[in-house]
Amino acid sequence: MPYSFVLEPVRAPQSRGLAVLTGLVLLFTSSLTLAHEGTGVAGGLISGFLHPISGLDHLVAMVAVGLWGVFLRQPAIWLLPIIFPVVMALGAALGVAGVPVPAVETGIAASALVLGVLVALAARPPLWLAGLIVGLFAIFHGHAHGTELPEAANPLAYSLGFVVSTGLLHLAGILLGQLMRWPSGTLLVRCAGGVIGLIGIGFLTGYL
Amino acid sequence: MLNTPRLTRLFAAKARQVNRCIALPAGFTLAPATALAHSPIEGIGDFYNGLLHPLLVPSHLLTLLALGLALGQRGAKNTGKPLLLFSLGCGTGLIINGLGVNPALETALLAVALVFASLTAARITLPLVLYGVMAGAAGLLIGLDSPQETLSGGAEAVALFGTGLSASLGVLYSAAIATYCQTGWQEVAVRVVGAWILAVSILVLALSLMGITTHRNERTEGASAHYQMWSGTRLVPT
């Protein structure tokens, strides 16, 4: 139980269940609610942190990256969370600079569809191809974050917020992907990929 | 005679406990929390205001973290001299700062953070001499970029001393964490944090290159009228 895990030292190895529970606890950890948002360092940090989470298209795509990393195994499972934020920052820089990237929203919706389908099919392309796919979508996501930078926010704090938030969503996907260690877990994870793909279709067709 | 297998099992069990003790607090540090630009503690004195300064200015914190992680990745044996050079550089910068020379150096600090974060994310090891030089330069920049404009005399000296102490401890602690986290998922976590710092540095440097200027505690209109940047915060002691 998470409660006893937090208050008492662990006396016996429970690595797998513990890893999943730790991830779930982190996901549901609450933060302070402030009356004023979007201003200064604190407001920028919170605005940036909430941006990927508040957008369903961003959220499912980032979780799908983590899930796909589990299927791809080493070294993709840790390489993707390292490369993705850097490429995303480049996309964000383009967005802030006003450099147009065609069909950003379509690209973000397509990222949910493509990544979801890849997880559902348990696809394992070569590492360079997987990196190329994820990097392309990272540009779209970063560009969206950059263009939506709030006027009153501290850009450094805002960018730190959305980078950390994106990384934690990857981690959530990786931890959910650990369900594959159980016999029926692989099917569950692939179904989750299918759901993410359907959400992507919903965004592309305008239903969502 | 020592029972070696039993001792080995005992140490292994302790190591697993320590891993879990570190993993959970480290994990909760990633949980969303509010970053307050100004210290909420009034009347804490000049020393503590100085102590908090590097931790509350984002560019300083990123630089300290990136430097510490890069040094720690090299291992415990190789961190002493660069740390010492950092402290000396920081002290020198603070002294020059106290004499009234305090240029705005956020862009330079972020460039330094970018370099160290790149080394951390890619797990690239450079010669120790280079680390020493870069650490000294980083310390100098942080020292120069830490003015206490509302203070003078002894109060300013106390605040600057607190800043130097805090900056040195910040690098030391982050280096210690990276030194400990050398294997498994812990090593990956260090590299991921390096990637995050790298990403943030890239973005903010791009803003600087586009002509969005920064001034301490002032809003400025840069090349892009939509975006304004704060250079950070200055704690006002009571």
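Naming convention: chains lettered A, B, ... in sequence-line order (proteins, then strands); numbering from 1 in each chain. Excluded from the calculations below are hydrogen atoms, water molecules and symmetry mates; all remaining heavy atoms, backbone and side chain alike, are included.
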Which atoms form the tightest heavy-atom contact between Ser159(A) and Val204(B), and what is the distance?
OG-CG2, 4.0 Å
Taking every non-hydrogen atom, the tightest pair across Pro85(A) and Ala195(B):
CG-CB, 4.2 Å
Would a 4.5 Å heavy-atom cut-off, applied to side chains only, mark [X] and [Y] as touching?
{"X": "Val164(A)", "Y": "Trp196(B)", "result": "yes"}
{"X": "Val163(A)", "Y": "Leu203(B)", "result": "no"}
{"X": "Trp185(B)", "Y": "Ile174(A)", "result": "no"}

Region of Phe162(A) that comes under 4.5 Å of a non-hydrogen atom in chain B:
side chain
Go through the atoms of Ala92(A) and report whether side chain, backbone, both or neither lie under 4.5 Å from a heavy atom of chain B.
both
So how far is it from Leu156(A) CG to Ser201(B) OG, rounded to the nearest 0.5 Å?
7.5 Å
For chain B, which candidate among Val86(A), Val87(A), Leu79(A) shows the most heavy-atom pairs at distances under 4.5 Å?
Val86(A)
With a 4.5 angstrom heavy-atom cut-off, which part of Leu205(B) approaches chain A: side chain, backbone, both or neither?
neither
Please look at Ile197(B) and chain A and tell me whether the side chain, the backbone, both or neither of the residue comes under 4.5 angstrom of a heavy atom of that chain.
neither
Intermediate values then yes/no, side chain to side chain contact (heavy atoms under 4.5 Å, CB included), Leu171(A) and Val192(B):
CA-CA 11 Å; Leu171(A) 178 62; Val192(B) 168; over 6 Å; no
